[in-house]
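Shown next, in structure tokens, is the structure this report addresses.
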2 protein chains.
Amino acid sequence: MHGNEADVERYRPMNVRTLCLGILWFEEATGYEIRKQASEGCFSHFVEASYGSIYPALNKLTDENLVTWRTETQEGKPSRKVYSLTEKGRAALIEALHETPKPDVIKSEFLFVGLFAEHLDKTFMTSVIDTRIAELEADLARLREEMATVDHSGSRFAIGYGMALYEAELNYIKNTRGLIEAGADPRQAAE
Amino acid sequence: MHGNEADVERYRPMNVRTLCLGILWFEEATGYEIRKQASEGCFSHFVEASYGSIYPALNKLTDENLVTWRTETQEGKPSRKVYSLTEKGRAALIEALHETPKPDVIKSEFLFVGLFAEHLDKTFMTSVIDTRIAELEADLARLREEMATVDHSGSRFAIGYGMALYEAELNYIKNTRGLIEAGADPRQAAE
DNA sequence: GTTCACATGTAACAGGTTACATGATTGG
DNA sequence: CCAATCATGTAACCTGTTACATGTGAAC
């Protein structure tokens, strides 16, 4: 009864496949909901995924018997495919988690722009900085809300982690923006 | 004298092309040195690039007259192609910087593992956490060193930014590790 | 009637990485 | 002679995004 299960892939942690397994660990969900959690929910500040990768991933996971699905017909909404983890899927996630996590990666276009601040005009830099501050404050507010609704300790750790980072960024930017906002003459920055 | 320059690409900020332009802004460099700066130097905590993308990028930038190169023969080392920005390249970078920077992205496998801490054994989590702490401390030390050698205000901003983040992460992990280290029974975490 | 949220999916493309191929020169 | 560092490059692959295609039913 095993057939072509032999070619189950090696699990590199933290691709969309593993993300799907992770989200499904907590509760069954549709592809649509998985995307929503990845880009709005408690995972959203440190992962990312779009439909174009999630749906194919779910199909593949189905082929490998790591997830199953049933059709759920709803009143007032289109019917949907609700996925849930199988025993094998659960085991696969745990296995994936045992790979040593790669170091965190921060990608920041904001910092890159900041490097060349002295060659951009002050008005522009001010607006870039203000935008970044607004974004950070919005993110922080969202996390604060989520923190209030979540009970699970791992999730609280992750949310708190995000909050700590965002707060640090915010404080740093507010206190140090002079360094990149001083306009064409950086020697005035200390003033 | 313009010929096929018409098909100069739109600049989406923060791909390897733009990264090369950015590094070359400060000083001329070889592909080898650009990679080094991207993975070790002052850029390294918020960008990434490998040979396989840098060399082709430099060739393309040459085709578009955004950079030029000369061969430098060295004694005791293989000769090398030293790239530098052209006027046009300088202008292209400034243009690219005017695109509104996309929000920072944090990718953290560590946090993902933390979410499932209660299903992993305590020894493993302890080692994951200790590893992460060691990494952060090493990164911090590296940034502190760099901060001491750098004078340029934009660079100091970027380095300080990294330090602020790493310090916040470090403190958070040290203070809160109990949440994900408590072992199989998360209800004991508060103890 | 049209816009919105729900819902699933694909194909073309972009943008990288990895591993390989090659080679000079130094130092142990 | 072997390993390490410097140095350049390519080809195969991987992974994910964007944009498109399609459709339901609610609410305005």
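Residue numbers start from 1 in every chain, and the chains themselves are labelled A, B, ... in the order their sequence lines are given, proteins ahead of strands. Here the structure is a predicted model, which is why all the values come from computation and not from measurement.
- In this structure, CG of A/Asp63 is placed 12 Å from P of C/dG9, rounded to the nearest angstrom.
- When the C1' atom of D/dT18 is taken as reference, atom NZ of B/Lys102 falls 12 Å away, rounded to whole Å.
- We find that CG of A/Asn15 is positioned 10 Å from C1' of D/dC14, with the value rounded to whole Å.
- Rounding to whole angstrom units, NZ of residue B/Lys60 and P of D/dG9 are separated by 16 Å.
- Between B/Lys36 and B/Glu33 there is no salt bridge, since no side-chain nitrogen of the basic residue lies less than 4.0 Å from a carboxylate oxygen of the acidic one.
- A/Val82 shares a hydrophobic cluster with no other residue; no ILVMFWY side chain has heavy atoms under 4.5 Å from its own.
- For the atom pair CD1 of A/Ile54 and CD1 of A/Ile23, the computed distance is 7.0 Å after rounding to the nearest 0.5 Å.
- Across the protein-nucleic acid pair, B/Leu19 atom CG and C/dT17 atom P stand 10 Å apart, rounded to whole Å.
- Positionally, the nearest nucleotide of DNA chain C for A/Val82 lies more toward the 5' end than for the other of B/Glu48 and A/Val82.
- Electrostatic pairing of A/Glu64 and A/Lys88 does not count as a salt bridge here, judged by no charged N lying under 4.0 Å from a carboxylate O.
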Which atoms of nucleotides 3-7 of chain D (N or O only) lie under 3.5 Å from a protein N or O atom, and what are those distances?
from: D/dC6; atom 1: OP2; to: B/Tyr32; atom 2: OH; distance (Å): 3.0
from: D/dA7; atom 1: OP1; to: B/Gln74; atom 2: OE1; distance (Å): 3.4
from: D/dA7; atom 1: OP1; to: B/Gln74; atom 2: NE2; distance (Å): 2.7

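- One atom, CE of B/Met14, and another, C1' of C/dG15, lie 13 Å apart when rounded to the nearest Å.
- For B/Arg142, the side-chain contact (heavy atoms from CB on, under 4.5 Å) test picks out B/Ser44, B/Asp139, B/Glu146, with sequence neighbours left out.
- Separating the CD1 atom of B/Ile54 from the C1' atom of D/dG9 is a distance of 12 Å, rounded to the nearest angstrom.
- Rounding to whole angstrom units, OH of residue A/Tyr83 and P of C/dA7 are separated by 13 Å.
- Remark: B/Ser50 is in phosphate contact with C/dT17, judged by side-chain N or O atoms under 4.0 Å from OP1 or OP2.
- Put simply, the side chain of B/Glu40 reaches to within 4.5 Å of the side chain of B/Arg35, judged on heavy atoms.
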